[in-house]
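Only one structure is covered here, and it is reproduced in the block below.
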2 protein chains.
Amino acid sequence: MKKAPTIRDVAAAAGVSVSVVSRVLNPDSGPVAPAKREQVLSVISDLGYRPRAAARELSAGHALTVGLVVTDLANPFFAQLADRVVWEARSHGVQVVVMTTQEDPHLEAESLDTLLDRSVGGVIATPTGGNIEKWDRLRDLGVNVVFVDRAIAELGDVDVVSIENSDSARRATDHLIALGHERIGLVTGPASTSTGRSRIGGYRAALESASIDIDPILVRDVPFRGDGGGDAVGSLLALPEPPTGLIVANTAQVQSSVRRLVQMGVRIPDDLSVIVFDDNPWTELTSPPLSVIRQPIGMLAVHSLELVLGRMQGRLPAGARTIEVKADFVPRSSCAAPARSATSKSATR
Amino acid sequence: MKKAPTIRDVAAAAGVSVSVVSRVLNPDSGPVAPAKREQVLSVISDLGYRPRAAARELSAGHALTVGLVVTDLANPFFAQLADRVVWEARSHGVQVVVMTTQEDPHLEAESLDTLLDRSVGGVIATPTGGNIEKWDRLRDLGVNVVFVDRAIAELGDVDVVSIENSDSARRATDHLIALGHERIGLVTGPASTSTGRSRIGGYRAALESASIDIDPILVRDVPFRGDGGGDAVGSLLALPEPPTGLIVANTAQVQSSVRRLVQMGVRIPDDLSVIVFDDNPWTELTSPPLSVIRQPIGMLAVHSLELVLGRMQGRLPAGARTIEVKADFVPRSSCAAPARSATSKSATR
DNA sequence: TTGTACGCGTTATCAT
DNA sequence: ATGATAACGCGTACAA
């Protein structure tokens, strides 16, 4: 087991001082005679020398690393987000340390501490909603924070990247309304999150525009973890007046919701029209293929990283930025006009 | 923007020397008077002091970090693997730096260099197959390497964790044979990988045991990236004598394969019996639900991390270890006896 | 039991 | 244009 060469080894082998080697490595830090530069470079590649990140960080005070804090990577949404963040980051020469919270503020707090220890230059996170003061402290210590997918109301002046939640939910609802649905179920994330609230808002706005009464019992905000989606779907369909249309707007609950529909033998779209918020390609492999609101995860990742890196390099004006990217509605075969018998009000017609 | 307190600040505030603080932090490194210990701890929590990882690493020579090198996180197999690795690692106080290779040896090489710079204590990787000398150098520099899911023949003396590839493929094949299938298509990973070879081996072994002739044209080894799966399926079904059963044993190709089947309107299991190697829950949401070989990804992750950490702490005997975990066969509704008209040999019966 | 002083590898400052 | 040297923050022999 050899020992990796240090900058001193290079300097010695090249017959120069460490300063010269350092300047060769960081061109902007000072001049080097072309001759020596070549010589040093040659020795570097000869010895296979590489600067140790730890030493750099110690000296610089911060690392060329960003933390990515998400619920868990088993959720395709976060998996794809992570994939793009890692990929995008690499092209900028920065590494990504991934941490998962399971939506538990306590684990989140731990993660933040750890990232602080590592002096990461920035953090991209889907916050649980807790740890307000911790997030503040992090920012106060010079760590650039970007929230993705969700925001925290109590925390102002933070960059946020998300999809147009309200608009997306509204478009999905509009689509069902246009088909003639009046009782539309909504399964979404906790109302304690900005995302959940916005989507409920979009849903209500669509119904109001169509002068359809809003029945609160049709709106179910379920936790991100667990399979509350399936249960919500079950209880919605067990209603005296069940919905004829369903929107699953919590990506973490799509699988359990669809599974429940399959188990119950619900015929789609005959018994129920369905639209889900999508991050997974399999939505077109079911029968029928599901109409989806497609989230542009790549865009979320790119913008998030753009913001963190921009801040890290100080090439961004002060003041929080909020970026909302548009989500596409992809119509497939899971939506149709409601069965007349199910539409109570027009049953007499 | 404040500055984080250092060990010196703590020492000063507590009226002791830095070494006392250090010993409080690392209990095994020396004795501390109970009184002072309490005092120091109180100051630490007061100031919110946390040791800087960079300084530790620099001094220790290696970081409490492991690198995870996989193809990409968009593949549910790797996403779940990463999820478990990150989770498992956290409980041991180690962080995970994720890097993706897109199956490109060049990108892999870059990743290894980067991980080397970071002095990671270990690397868990699904190797592309190239960079033999680079892997060797890494190990030579004291980085503990564990290959997961695949091995590299040219690289001996490396820990490997994988599923029982040969056995799994054999069981899937046996299942179809038992149903009466004689022409069974196999879509698997590149024959240049240990995984691909083993699965082909299991497939052949099953056929040989049943005295069924092996038709090489039924075996398609396709790259991990891209959607070669769909094309392979298309060409298999376009054969003069198409298979009546199909095994998709390359998880990266399952989606494109199934998509193609759906597009072609193939009736499962009437026209074709299908078994896929599974990492995604949606395989039971298709119609019919697919019979799968379920890979115990959690076990792969746990064992991999166990090995790396064990080596890092030097509490593992020398000598490479190979761990194979059993995969379950989960029968669902995508397999049936072949249609008699399709079975050429018994058509006369 | 406690404190001092040095090393870890790099960058930045300041002479030369 | 180059070189010596002092940080950066922590661990740790070694001395007291």
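Just so it is clear, the values below take in all heavy atoms, side chains as well, and ignore hydrogens, waters and symmetry mates. Numbered from 1 within each chain, the chains take letters A, B, ... in sequence-line order.
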Can you tell me how far [atom2] of [N] sits from [atom1] of [X], to the nearest Å?
X	N	atom1	atom2	value
A/Asp9	C/dC8	CG	P	11 Å
B/Arg8	D/dC8	CZ	P	8 Å
A/Leu58	D/dA6	CG	P	17 Å

Heavy atoms only, 4.0 Å cut-off, all strands: where does [X] land among base, sugar-phosphate and nothing?
X	answer
A/Arg50	sugar-phosphate
A/Thr6	sugar-phosphate
A/Pro31	base

Under 6.0 Å from the NE2 atom of B/His92, do we count more than 12 heavy atoms belonging to anything else shown?
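Yes.
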
Which comes earlier along DNA chain D counting from the 5' end, the contact point of B/Ala54 or that of A/Val20, where each point is its nearest nucleotide?
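With B/Ala54 and A/Val20 compared, the 5'-side residue is A/Val20.
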
Base D/dA4 to side chain A/Ser19, donor-acceptor N/O within 3.5 Å cut-off:
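Indeed there is one.
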
Taking for each residue the nucleotide of DNA chain C bearing the nearest heavy atom, is the 5' side occupied by B/Ala60 or by B/Pro34?
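The residue mapped nearer the 5' terminus is B/Pro34.
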
Using five base pairs at each end, measure the axis-to-axis angle across the helix from C/dT1-D/dA16 to C/dT16-D/dA1 and round it to 10 degrees.
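Inter-axis angle at the termini of the helix from C/dT1-D/dA16 to C/dT16-D/dA1: 50°.
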
Calculate, to the nearest 0.5 Å, the distance between atoms CD and CG belonging to B/Glu110 and B/Leu115 respectively.
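Here the interatomic distance stands at 11.5 Å.
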
Of all the nucleotides listed (C/dT10, D/dC10, D/dT12), which has the minimum atom distance to the side chain of B/Ser29?
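Comparing C/dT10, D/dC10, D/dT12 against the side chain of B/Ser29, the answer is D/dT12.
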
Quickly, which of A/Arg315, A/Arg311, A/Arg84 forms a salt bridge (charged side-chain N to carboxylate O under 4.0 Å, His left out) with A/Glu306? Name it, please.
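The single option meeting the salt bridge (charged side-chain N to carboxylate O under 4.0 Å, His left out) with A/Glu306 is A/Arg315.
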
